[in-house]
Student: 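If you scroll down you'll find the structure; I have some questions about it.
Letters go in sequence order (proteins before strands), and every chain restarts at 1.
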Amino acid sequence: MTEQEQKSPKKEARIVAFLCNWCSYAGSDAAGTARLRQPENLRIIRVPCSGRINPLFVLKAFSEGADGVLVSGCHPNDCHYTDGNFYARRRLEALKEYLPFIGIDKNRFSYQWVSASEGQRWQKVVTNFVKRINSIL
Amino acid sequence: MAKKLTETIIAKAEELFDQVEVMAGYSKGSNPLKVSPCFIEKKQDLDQLIFDKLCINNLATYAYRLSKQVKGNIGMVLKPCDAKAVNQLISEELIDRAACKMLVVGCAGVLDHQKISRHLGGARVFSANIGPETIEVETAEGKKELKTADFYADKCHWCSISDQDMGGDVFVENQQKLQAPKKDRFEDVKQLEKLDLDQIEAYWKDEFSRCIRCYACRNVCPLEVCQDQCIVHLDFPNWQSQKVVPSENKFFQLIRVMHLAGRCVECGECQRVCPQNIGLLKMMKKMNQQIETLFNFTPGMDVEAKPPLLTYKTVEENIEEEELI
Amino acid sequence: METIYTLKKQDLKPWLESLAQDSDVYVPARDRDNSLVDFFNLSEIKDDLGFGQGQEKRYVLDLVEKTKRSPKQVMYPHWEDLLDFSYEKDPENIEDEKIKLSVSQEAPNSIIFGLKSCDCQAIAKMDAVFGQGIVKDPYYMKRRENTVLISLGCDTVFEDCFCTAVGGSPYGFDHTDLGLMEDGDHYVVFVYTKKGNALAQASNSYLAKADAKDGQDYKSRMQERGRKASEKMSSMWPKTAVEDMAEHLNKAFDASQWKKVSQQCISCGACTFVCPTCYCFDIRDDKDNRQGKRYRCWDFCTSYLYTLEASGHNPREDIQKRYKNKVNCKYNYNFQRQGHLYCVGCGRCVEVCPVDMDIRQIVAAVLKSKQP
């Protein structure tokens with residue numbers, strides 16, 4: 001990075017994250033309690049299950065100006081409600097592939113599985129996602 | 001030929017009529033290039049029915065509403081592509097298979113009257129004689145001969161079910177086979193995908209700057225049965241503004257896309273009815289293309305099949321999850 | 001005595017461009033990309049607009065075709081902000097919250113060029129809705145006052161035209177400011193109002209005064225052409241005279257025909273949004289945290305939500321009742337209220353209807369049945 005680039009004020013990425021109450025939300029909490037450093041670009045919205053996430057939530061976030069949207073839920077087979085995340089996987093995958101067709105880079109969206117105990121995994125997911133968004137901006 | 005087909009349809013409809021309370025079909029339109037949907041409640045009125053190359057409307061649009069209105073069974077004259085929509089409604093248990101009598105008519109392709117009238121510059125048409133090769137029209141400016149092949153509805157160019165009965169109760173075979181020249185179904189989708197993301201965004205912005213939010217696309221859709229309770233109009237939560245601006249118009253269309261994911265039978269009605277000629281169908285086609293590759297599912301073909309987004313597999317063969325670690 | 005001018009055809013472009021210097025000039029043009037004809041703001045598409053055929057430009061001036069949407073949107077836009085609001089807390093007393101309101105409205109000078117006579121009639125009807133009575137609509141009126149109408153006589157009659165049946169005529173210039181008639185290599189310009197006169201005088205480098213003898217000649221020719229165009233008009237309209245329509249529709253209120261004619265309606269708003277005389281609107285708020293905008297946007301009476309009440313009751317639950325109201329609003333209620341029909345026979349609703357509902361046939365069918 002040149003000195004010029006370092007000085008120029010960079011736009012801060014605004015990322016909306018939808019987190020499952022039972023795993024990822026707790027996972028991010030665990031990361032915080034363990035004092036793991038992570039970027040502050042996320043606006044977290046807690047949902048009861050990744051199956052609660054309507055693909056339109058994601059599209060609405062993009063249309064309201066979010067730079068990236070991250071969805072995180074329980075690992076497959078670990079859903080608190082047995083199968084919510086299986087439905088979510090189908091919907092979100094269909095959505096993800098569709099984004100380029102309406103002019104949105106598909107790298108601006110991701111869905112991940114992070115459990116309540118995986119604070120470190122959460123840290124990596126967030127860091128890498130923010131890095132990716134910043135490289136697009 | 002067309003006359004004989006119409007007679008057969010009327011005869012079959014008469015046989016079916018004892019079981020139904022109302023029969024939806026096509027009747028003569030307000031001008032020689034249009035046909036009008038009609039709803040027949042008395043047996044002696046069945047001779048109003050017609051069937052020709054101009055019967056482009058998808059009568060499945062009325063299936064859900066009619067089935068809620070009448071106590072008895074409903075009957076419908078359907079092209080095989082329209083029957084797909086009815087099948088989809090049945091598979092989602094929105095209408096009862098036994099209460100819906102389907103009279104499916106083999107199809108030789110239908111013409112988009114808007115394409116013809118746009119070609120004629122909106123001139124008054126006094127008569128039209130439609131043959132398999134040519135269309136003879138008589139307008140205020142004199143007689144004209146047009147090539148039939150130029151005016152087929154888009155969906156006819158990639159139709160592969162024109163002579164299938166699609167699980168209907170009665171099937172009327174059409175002596176004429178599908179005559180529309182073959183085209184690639186995803187041609188326009190591919191064209192658009194060749195562009196950069198910025199160009200795609202600009203393309204949609206331009207398209208949706210014309211949208212007047214008349215909701216004709218939504219209301220004509222046979223599968224959007226919840227139009228009176230649509231989230232578009234909600235105040236709490238305020239899903240979207242009623243201001244007619246390109247971004248909101250696009251979002252409205254995305255609501256439709258998501259709602260129809262894995263359900264849309266590509267009857268093309270939304271695009272046909274758009275007063276502003278917005279190319280909506282490719283949005284639906286793109287989603288369908290994905291559903292096909294991801295879940296190997298085509299809507300409307302099997303009444304027993306479960307819509308792909310209402311079911312799941314614990315191991316998805318076609319989904320490759322990305323790792324961010 | 002009205003003044004009559006002539007305008008050379010090659011002067012049309014410079015004239016419009018000179019007008020566009022201090023007003024928004026709306027011209028009917030065809031967008032090649034999607035073959036739609038609509039009114040466009042000249043200054044926005046100036047470089048892409050071709051006058052006449054044979055030019056490779058995106059837009060082409062089209063003075064023959066009927067525009068898909070009506071020009072009402074210039075004065076009565078699809079949506080407009082009525083006011084801005086915000087909640088402000090008093091720092092001394094946090095219980096006390098004040099609402100701050102502010103109104104800002106732009107009403108630029110506008111000129112609509114190339115209107116058909118039906119569109120002018122329609123604007124006169126809109127004036128009656130928004131500009132009469134004790135409370136006038138300031139938003140509409142401000143725009144209307146700043147708008148000049150330049151209409152062009154119709155010689156081409158389209159499939160759906162029926163203006164003569166509802167009391168109009170293809171050369172009916174009664175509500176316009178300037179009326180144009182195409183004539184060989186020039187346009188004849190008739191001045192009808194003070195506004196029109198001022199505009200014509202300001203454009204004296206393009207408009208040439210016609211002498212009295214020519215003027216008489218032009219006038220009689222205009223009447224002749226109006227008559228000719230009228231003859232070509234469709235005769236599908238019921239035989240009922242315009243004045244008797246309201247009474248007949250009242251009698252037919254419970255006619256069984258209503259169900260039959262409206263059954264195919266899919267409750268969309270296409271006919272309403274292209275109609276030049278439909279004026280219903282909805283008022284809504286877009287609120288973002290502690291501030292927002294109150295705006296109004298067009299509404300359509302065929303929608304289920306149009307009459308839905310907060311209790312959940314809907315007096316016009318089925319489409320039959322909604323469509324009956326629509327027809328009666330145009331041909332009955334407003335005739336009783338304002339003294340004229342709220343239909344100008346432009347035929348746009350017939351053209352756009354996705355399910356082939358022809359209001360001429362529907363009215364005819366209902367009036368024929370009359371008995372309940």
Student: To the nearest 0.5 angstrom, please state how far the CD atom of B:Glu248 sits from the OG atom of A:Ser63.
Tutor: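 Separation between the atoms: 6.5 Å.
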Student: Between CZ of A:Phe101 and CG of B:Leu195, what distance do you get to the nearest 0.5 Å?
Tutor: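 Rounded to the nearest 0.5 Å, the CZ-CG separation comes out at 10.0 Å.
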Student: Could you check which of A:Asn54, A:Val126, A:Leu56 has the highest count of heavy-atom pairs closer than 4.5 Å to chain B?
Tutor: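 Ranked by heavy-atom pairs under 4.5 Å with chain B, first place is A:Leu56.
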Student: Do you know which two heavy atoms are closest between B:Lys286 and A:Tyr98, and how far apart they sit?
Tutor: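 In terms of heavy atoms, the two residues are closest at CG-CE1, 3.6 Å.
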Student: Could you look at B:Leu309 and say if it's the side chain, the backbone, both or neither that has a heavy atom under 4.5 Å from chain A?
Tutor: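 Answer is both: backbone and side chain atoms of B:Leu309 are under 4.5 Å from chain A.
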Student: Checking A:Gln112 side chain against B:Glu322 main chain: does a donor-acceptor pair fall under 3.5 Å?
Tutor: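 Indeed, once roles are kept as given, a pair shorter than 3.5 Å links the two residues.
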Student: Using a cut-off of 6.0 Å, state whether more than 12 heavy atoms not belonging to A:Arg52 lie near its atom CZ.
Tutor: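 Counting neighbours around CZ of A:Arg52, 12 or fewer heavy atoms of other residues, nucleotides or ligands fall under 6.0 Å, so no.
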Student: Once rounded to the nearest 0.5 Å, what's the spacing between atom NZ of A:Lys124 and atom CG of B:Leu324?
Tutor: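 A:Lys124 atom NZ to B:Leu324 atom CG measures 12.0 Å (nearest 0.5 Å).
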Student: Tell me the residues of residues 18-38 of chain A whose non-hydrogen atoms fall below 4.5 Å from those of chain B, in number order.
Tutor: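 Within residues 18-38 of chain A, near chain B: nothing under 4.5 Å.
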Student: Is it the case that more than 12 heavy atoms not belonging to B:Lys68 sit under 6.0 Å from its NZ atom?
Tutor: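 More than 12 heavy atoms, drawn from other residues, nucleotides or ligands, come within 6.0 Å of this atom.
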Student: Of the backbone (N, CA, C, O) and the side chain (C-beta and beyond), which part of B:Ser247 lies under 4.5 Å from a heavy atom of chain A, both, or neither?
Tutor: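 Looking at B:Ser247, nothing touches chain A.
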Student: Counting only heavy atoms from other residues, nucleotides and ligands, does the tally under 6.0 Å from CZ of B:Arg185 exceed 12?
Tutor: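 Enclosed.
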Student: Top residue by heavy-atom pair count (under 4.5 Å) with chain A, among B:Lys313, B:Gln199, B:His259, B:Glu316?
Tutor: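 So the answer, after comparing B:Lys313, B:Gln199, B:His259, B:Glu316, is B:Glu316.
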Student: Less than 4.5 Å apart, side chain to side chain, heavy atoms only: is that true for A:Pro100 and B:Ile200?
Tutor: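 No; the side chains remain at least 4.5 Å from each other.
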Student: Heavy-atom count around B:Lys182 NZ within 6.0 Å, excluding the residue itself: above 12?
Tutor: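 Check passes, neighbour count above 12.
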Student: Looking only at non-hydrogen atoms, find the nearest pair between A:Pro55 and B:Met258 and report the distance.
Tutor: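 For A:Pro55 and B:Met258, the tightest heavy-atom pair comes out as CB-SD, 3.8 Å.
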Student: Using a 4.5 angstrom heavy-atom cutoff, name the option from B:Thr314, B:Asn318, B:Leu294 with the most pairs to chain A.
Tutor: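 Most pairs with chain A among the choices: B:Thr314.
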Student: Taking A:Ala94's backbone N and O only, do any of them form a donor-acceptor pair with B:Gln290's side chain (distance below 3.5 Å, no angle check)?
Tutor: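 Side chain of B:Gln290 to backbone of A:Ala94, a donor-acceptor pair under 3.5 Å: yes, one is there.
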Student: Identify which of A:Leu95, A:Val125, A:Leu92, A:Thr127 forms the greatest number of heavy-atom pairs closer than 4.5 Å to chain B.
Tutor: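 Among A:Leu95, A:Val125, A:Leu92, A:Thr127, the one with the most close pairs to chain B is A:Val125.
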Student: Name the region of A:Lys96, side chain, backbone, both or neither, that has any atom closer than 4.5 Å to a heavy atom of chain B.
Tutor: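 For A:Lys96, the side chain is the part near chain B, not the backbone.
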Student: Using non-hydrogen atoms only, which part of B:Lys282 is less than 4.5 Å away from chain A: side chain, backbone, both, or neither?
Tutor: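 For B:Lys282, heavy atoms of backbone and side chain both lie under 4.5 Å from chain A.
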Student: Roughly how far, to the nearest 0.5 Å, is the CG atom of B:Asp196 from the CG atom of A:Asp105?
Tutor: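 Separation between the atoms: 11.5 Å.
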Student: Between atom CD of A:Glu93 and atom CD1 of B:Ile291, what is the distance when rounded to the nearest 0.5 Å?
Tutor: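 The CD1 atom of B:Ile291 is 10.5 Å from CD of A:Glu93, to the nearest 0.5 Å.
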Student: What part of B:Val189 gets closer than 4.5 Å to chain A, counting heavy atoms only: side chain, backbone, both or neither?
Tutor: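 Both parts, backbone and side chain.
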Student: Taking CD in A:Gln120 as the centre, count heavy atoms belonging to other residues, nucleotides or ligands within less than 6.0 Å. Is the count above 12?
Tutor: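 Incorrect, the count does not exceed 12.
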Student: Could you tell me which portion of A:Ser110 (side chain, backbone, both or neither) has an atom closer than 4.5 angstrom to a non-hydrogen atom of chain B?
Tutor: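 Its backbone and side chain both get close to chain B.
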Student: I'd like to check A:Leu59 versus B:Ile255 (side-chain heavy atoms, cut-off strictly below 4.5 Å). Are they in contact?
Tutor: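 A side-chain contact under 4.5 Å is absent here.
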Student: Who pairs with A:Asp67 by salt bridge (Lys or Arg N to Asp or Glu O under 4.0 Å), at least two apart in sequence or on another chain?
Tutor: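 Once residues adjacent in sequence are excluded, the partners of A:Asp67 under the salt bridge (Lys or Arg N to Asp or Glu O under 4.0 Å) criterion are A:Lys11.
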Student: Mind running side-chain contact (heavy atoms from CB on, under 4.5 Å) on A:Ile102 and B:Met283 for me, showing each step along the way?
Tutor: CA-CA 8 Å; A:Ile102 48 171; B:Met283 284 188 121; 3.8 Å; yes
Student: For chain A, which residues from residues 236-243 of chain B lie under 4.5 Å away (heavy-atom distances)?
Tutor: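 Counting heavy atoms that sit under 4.5 Å from chain A, the residues of residues 236-243 of chain B involved are B:Asn238, B:Trp239, B:Gln240.
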Student: For B:Thr311, which atoms come within 4.5 Å of any heavy atom of chain A: side chain, backbone, both, or neither?
Tutor: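 Looking at B:Thr311, backbone and side chain both touch chain A.
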Student: Counting only non-hydrogen atoms closer than 4.5 Å, can you tell me which residues of residues 75-91 of chain A sit against chain B?
Tutor: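 The residues closer than 4.5 Å to chain B, in numerical order, are A:Asn77, A:Asp83, A:Phe86, A:Tyr87, A:Arg89, A:Arg90, A:Arg91.
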Student: Side chain, backbone, both or neither: which part of B:Tyr203 has a heavy atom under 4.5 Å from chain A?
Tutor: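 Neither; nothing under 4.5 Å.
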Student: What part of B:Leu192 lies closer than 4.5 angstrom to a heavy atom of chain A: side chain, backbone, both or neither?
Tutor: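 Side chain only.
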